[in-house]
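These numbers come from a predicted model, not from an experiment.
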Amino acid sequence: ALEQGLHLNIDNMLELERVRLLVEELGGIEGASRGVIGLRINPLVGAGKVASLSVSTRRSKFGVVLPPEDGPERAAVVEALVEASFIDALHVHTGSGGMTLGQMAEGAGAATRLA
């Protein structure tokens, strides 16, 4: 994806480290055909009406957990983003069904505060 300039969303911190190593291997981000590289965050806005599609809880396997409150967990996400200067997008993973407008707005707000 990096060599082809495709849009890439990184789903977790392990993937972030793998992409960082690939970027280095390609000679820095300038060495890659530049596509958008994003980080998928889980803003913990809660479950929706469809439990099996609710992915914005701590139990979700999708995205990097981004707690709304300041603390070590949130600081680690911010630090990782500062160090990974090649990331230029955020993907907010709130849910695939049954989410309220308020929950969706909370997710967008989390991305805005993080940016």
Side-chain angles (χ1 to χ4, degrees):
L2 291 173
E3 291 177 315
Q4 298 299 314
L6 301 175
H7 185 111
L8 174 68
N9 276 327
I10 298 168
D11 190 57
N12 55 57
M13 297 304 244
L14 180 58
E15 282 186 10
L16 177 60
E17 179 59 17
R18 286 164 49 200
V19 170
R20 186 189 67 72
L21 292 172
L22 286 169
V23 167
E24 278 181 19
E25 191 177 296
L26 291 170
I29 201 58
E30 298 79 23
S33 295
R34 190 65 172 127
V36 174
I37 302 174
L39 179 68
R40 177 183 282 180
I41 61 168
N42 172 355
L44 299 176
V45 298
K49 292 180 183 176
V50 182
S52 63
L53 299 177
S54 294
V55 294
S56 195
T57 66
R58 283 206 175 266
R59 295 181 58 188
S60 175
K61 63 182 180 180
F62 300 109
V64 174
V65 170
L66 182 69
E69 68 281 345
D70 287 337
E73 194 172 24
R74 185 178 181 88
V77 174
V78 171
E79 182 180 339
L81 284 170
V82 168
E83 290 176 6
S85 61
F86 53 85
I87 291 184
D88 53 12
L90 292 174
H91 171 96
V92 181
H93 206 61
T94 55
S96 300
M99 303 304 286
T100 66
L101 182 58
Q103 286 172 303
M104 300 299 278
E106 278 184 64
T112 302
R113 286 187 299 280
L114 182 58

Student: Just wondering, do Val19 and Leu21 contact through their side chains at under 4.5 Å, heavy atoms?
Tutor: no
Student: What pair of heavy atoms forms the shortest contact from Asn42 to Leu44, and how long is it?
Tutor: OD1-N, 3.0 Å
Student: Taking salt bridge (charged side-chain N to carboxylate O under 4.0 Å, His left out) as the cut-off, I'd like each qualifying pair that reaches into residues 81-102, sequence neighbours left out, listed once.
Tutor: Arg34-Asp88
Student: With sequence neighbours left out, what residues match Gln103 under side-chain hydrogen bond (donor to acceptor under 3.5 Å, both in side chains)?
Tutor: Thr100
Student: Kindly give the heavy-atom pair with the smallest separation between Ile37 and Phe86, and that separation in Å.
Tutor: CB-O, 3.8 Å
Student: Quick one: pull up CD in Glu73 and CG in Asp70 and give me the separation to the nearest 0.5 Å.
Tutor: 12.0 Å
Student: Are Val64 and Leu39 close enough that some pair of their side-chain heavy atoms sits under 4.5 Å apart?
Tutor: yes
Student: When you group the ILVMFWY residues by side-chain heavy-atom contacts below 4.5 Å and let the links chain together, are Leu22 and Val36 in the same group?
Tutor: no
Student: Sequence neighbours excluded, which residues qualify as salt bridge (Lys or Arg N to Asp or Glu O under 4.0 Å) partners of Glu17?
Tutor: Arg20
Student: Please tabulate, for the side chains in residues 6-16, all donor-acceptor contacts under 3.5 angstrom to protein atoms that are two or more places apart in sequence or on a different chain.
Tutor:
unit_1: His7; atom_1: NE2; unit_2: Asn9; atom_2: OD1; d: 3.4
unit_1: Asn9; atom_1: ND2; unit_2: His91; atom_2: ND1; d: 3.4
unit_1: Asp11; atom_1: OD1; unit_2: Arg40; atom_2: NH1; d: 3.1
unit_1: Asp11; atom_1: OD1; unit_2: Gly63; atom_2: N; d: 3.0
unit_1: Asn12; atom_1: OD1; unit_2: Leu14; atom_2: N; d: 3.1
unit_1: Asn12; atom_1: OD1; unit_2: Glu15; atom_2: N; d: 2.8
unit_1: Glu15; atom_1: OE1; unit_2: Asp11; atom_2: N; d: 2.8

Student: Side chains of residues 106-115: which donor-acceptor partners sit under 3.5 Å, not counting sequence neighbours?
Tutor:
unit_1: Thr112; atom_1: OG1; unit_2: Ala108; atom_2: O; d: 3.0
unit_1: Arg113; atom_1: NH1; unit_2: Gly109; atom_2: O; d: 3.3

Student: Where do Ile41 and Pro43 come nearest, in terms of heavy atoms and distance?
Tutor: O-CD, 3.5 Å
